[in-house]
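FYI, the numbering just counts along the sequence from 1.
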Amino acid sequence: MVLFVLLLLGYIIILGGNSIIIFVALTDSKLKSPMFFFLYNLSFVDILYTTTTIPKILSVLLSDENTISVPGCFLQMQFVIQLGITSRAILTVMAYDRYVAICNPLRYASIMTLPVRLLLIAGAWSFGAFCTLPATSMSFQRSYCGPNVVNHGWCDPSSVRRLVCGDVAVDNIVSLACAVVSLSTTGILILTSYILIGVSVSKMVVAQRLKAFGTCAAHLTVVSISYSSASCVYISYRVGNFPPEVRIIVAVLYAALTPFLNPMIYSLKNKELRESIGRTLMRFRPAAVLPTKDVKTVTTLS
């Protein structure tokens, strides 16, 4: 029950924090820069990503009904992987946005137009689907036997693959190749963007360096947490001494950690977003009712 309460509170905070970012970015006229456009798209993906897994885990913890249909299992597998890759692709797009803003500030508005932003977001979603479909489609075509028990918090591809009746060597190679392509492509592009930013910042005066660092601090923090947590999950899968229960807990923490921290990190690091959230909360605060005084009228008789 303690795990259920903690996970439920975390899920509520994830939904609330990311929903606030989406709302203020769409409604506040002062948050119309490309950075906030990409930020609320990232928040939207984070909500979908956690909703794919956490509600089902909560239902299992609450009712002990730990079954899922075969189509539901494969749909969950597809969306968990695709949304995870899409979030990293959007982080890559945000790194490019920071590169343009810092290295080409005079051309920033002309480069990051609305069509370009929409194209970049569509590319992020397409990249996620491209890296996911080969592995999941191969898993869907396999025959399964055995206890039909997925030893994981959700339908993880490697856990589902253990139930296949036959050789899965090709499936493992394809799955590994897709993972390498998705992680290496996004990682290299993010690293390249920040190397170019570093070269440009090194030529600036101190005040400009501090301003440039301030615009990148939140994004760098989120990227560092995302990739370091992914590394922990990978290590837990490869080290044989970890019991299955520990691996499941690590995987659940990984799925919830970045979506949980993203709103907090961007709110703390970004003054414009913090002020916008404050203005939004003020709009919904009930108006104060001032006490009224009885005014006595004096009539004079003439």
Heavy-atom side-chain proximity of [X] to [Y] below 4.5 angstrom:
X      : Y      : answer
Phe37  : Asp97  : no
Lys30  : Glu272 : no
Gln82  : Cys131 : no
Arg161 : Arg142 : no
Val201 : Phe213 : no
Cys216 : Ile102 : yes
Tyr266 : Val222 : yes
Asp156 : Val80  : no

As an exercise, state the distance from [atom1] of [X] to [atom2] of [Y], rounded to the nearest 0.5 Å.
X      : Y      : atom1 : atom2 : value
Asn41  : Leu118 : CG    : CG    : 8.5 Å
Leu48  : Ser43  : CG    : OG    : 11.0 Å
Ile197 : Leu220 : CD1   : CG    : 7.5 Å
Leu15  : Ile54  : CG    : CD1   : 8.0 Å
Thr132 : Phe127 : OG1   : CZ    : 9.0 Å
Leu191 : Thr92  : CG    : OG1   : 11.0 Å

Side chains of [Y] and [X]: any donor to acceptor distance under 3.5 Å?
X      : Y      : result
Asn18  : Asn262 : no
Thr51  : Tyr11  : yes
Thr136 : Gln78  : yes
Arg88  : Ser182 : no

(Q) The test is side-chain contact (heavy atoms from CB on, under 4.5 Å); show your working for Tyr227 and Leu183 and say whether it passes. (A) CA-CA 9 Å; Tyr227 279 86; Leu183 290 175; 4.3 Å; yes

Hydrophobic clustering (ILVMFWY, side-chain heavy atoms < 4.5 Å, transitive) - are [Y] and [X] grouped together?
X      : Y      : result
Phe36  : Ile111 : yes
Ile188 : Ile190 : no
Ile12  : Ile21  : yes
Met77  : Val170 : no
Tyr144 : Val70  : yes

Which heavy atom in [X] sits nearest to a heavy atom in [Y], and how many Å separate them?
X      : Y      : result
Leu31  : Val24  : CD1-O, 3.8 Å
Cys103 : Pro105 : C-CD, 3.4 Å
Ala218 : Ile265 : O-CG2, 3.8 Å
Ala25  : Lys32  : O-NZ, 3.7 Å
Ile81  : Pro157 : CD1-CG, 3.1 Å
Ala95  : Ser193 : O-CB, 3.8 Å

Any donor-acceptor N/O pair, [X] side chain to [Y] backbone, under 3.5 Å:
X      : Y      : result
Thr215 : Ala212 : yes
Ser267 : Met264 : no
Gln76  : Thr53  : no
Thr113 : Ser110 : no

(Q) Surrounding CZ of Phe130 (heavy atoms of other residues, nucleotides or ligands, distance under 6.0 Å), is the total greater than 12? (A) no

Q.
If you count heavy atoms of other groups shown closer than 6.0 angstrom to OH of Tyr108, is the number above 12?
A. yes

Q: Would you confirm whether the ring centroid of Phe38 sits within less than 6.0 angstrom of the ring centroid of His219?
A: no

Q.
Between Tyr49 and Ile14, does the side-chain contact (heavy atoms from CB on, under 4.5 Å) criterion hold? Intermediate values first, please.
A. CA-CA 11 Å; Tyr49 180 65; Ile14 289 170; over 6 Å; no

Q: Kindly determine whether Cys155 and Ile68 satisfy side-chain contact (heavy atoms from CB on, under 4.5 Å), including the steps that lead there.
A: CA-CA 9 Å; Cys155 290; Ile68 186 171; 4.1 Å; yes

Q.
Set out, in order, the CA-CA distance, both residues' side-chain angles and the distance that settles side-chain contact (heavy atoms from CB on, under 4.5 Å) for Met35 and Arg98, then state yes or no.
A. CA-CA 8 Å; Met35 179 179 67; Arg98 293 299 83 205; 3.7 Å; yes

